[in-house]
Amino acid sequence: MIYQGIAISNRFPSGRKSVEIEIGLSDLVFKFDEERIRFSLAQTEISIGGASDRLIYFKHPNYPDISFYTTDKKILKDPNLHYHDHAKSGVKQVNKKRAINWTIWLSIIGFFVAVILCIFIFRKVMVKGVANQVPQSWEREIGDKLFLQVKAEYKLIEDSALIAELTQTLQPLVNAVGDTSFHFKFYIANNPTMNAFAMPGGNVVIHSGIIQKAASWEELMGVLAHELSHCTQRHHVRSIISNLGIYVVLSSFVGDASAIMGTLAQASGSLTSLKTSREYETESDETGWEYLLKAKINPEGMIGMFKKLQKEYPEDKDTEELTSLVSSHPAIGERIELLSKKKNELKNQEFITFKNSFDTFKKRLKTDLDKD
Ligand SMILES: [Zn+2]
């Protein structure tokens, strides 16, 4: 076989020259110009070198002023090189070194892939960690400012007795949250769509539409438990943080969150409309379910309400009006399935009954709406 290579020697004006390398049974022949140099295989030294050890060198003790190399790796498989013990052991050494190089490269690549994977996997944990460093008082302040806009946009029902009854009835659920740093305040908006949304800090706006479609306190509390969870799980702040670059998240995670507060303040406009995501919706359903159980409120109401939402917003209907309660991912059907599994796992549990009639509450709301 003939291979292309380079001769290196001081005898050439440029120090190098192209050569053809032919491997015979007992020697290597290097041909350039009219010259032929023969290295006996029994004495040829084979080694690798150059950048990334890409070059395969041939040297001979009888020719100290010249050496040859090729980048053609096929040469190492040439049968004639494996015929002589000396050449064979040279090839073996070279192959060993190349294998070690590969291992080193693979380890380096593996290390970086692992680091990237870790960052990807722990990103959610880091986002949560950074969000927890943002003081709730700050979130409340922003939330209260944003609420002024909501007040201007929505017709809020001004029936203090009705709101007081609602707040009092919801008390077991609020108590189940257990964290008193959230100052939950409930408002009813005159709006026929089936929605409710919790704002950063704890203001919760319930559309009259969802109260009117609910059949019981349990159903209404099912969706409110979901909404309160968006607050307690800091989804508003988390959604903004997770949209920031990984470098910002990483540096805030290992450093302090004060650097991130300025960015958050700028982005706070998007805090009103919480971007629904699979992670947050599922988390809110699950946390909400736990709150209901803790409050001894029958959580089946949550499933009942979701079934009504599913009817109102069928999955095959391409609705633009995705709300804080209905998201495209996960589809509401999937969420109902997940909660139904939880329901089947419930042991004989006792639940509280509400003394005040939900129907009477709805009637009083209707009177207020008619007056509006
Ligand atoms: Zn939601």
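Note: hydrogens, waters and symmetry copies are ignored here, and every other heavy atom, side chains too, is used. Numbering of ligands and ligand atoms starts at 1, following listing order.
Between Asp53 and Lys97 there is a salt bridge, since at least one side-chain N of the basic residue sits less than 4.0 Å from a carboxylate O of the acidic one.
Metal site remark for the Zn ion (ligand 1): His235 contributes no N, O or S atom at a distance under 2.8 Å. For the Zn ion (ligand 1), the set of nearby N, O or S atoms under 2.8 Å includes none belonging to Glu227.
For CD of Gln171, the number of neighbouring non-hydrogen atoms (other residues, nucleotides, ligands) closer than 6.0 Å is greater than 12.
With the Zn ion (ligand 1) as the vertex, OE2 of Glu281 and NE2 of His230 span 90° to the nearest 10°.
Aromatic rings from Phe30 and Phe39 are positioned such that their centres are separated by under 6.0 Å.
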Residues Asn10, Asp65; criterion side-chain hydrogen bond (donor to acceptor under 3.5 Å, both in side chains); working and verdict: CA-CA 7 Å; Asn10 288 335; Asp65 66 327; over 6 Å; no

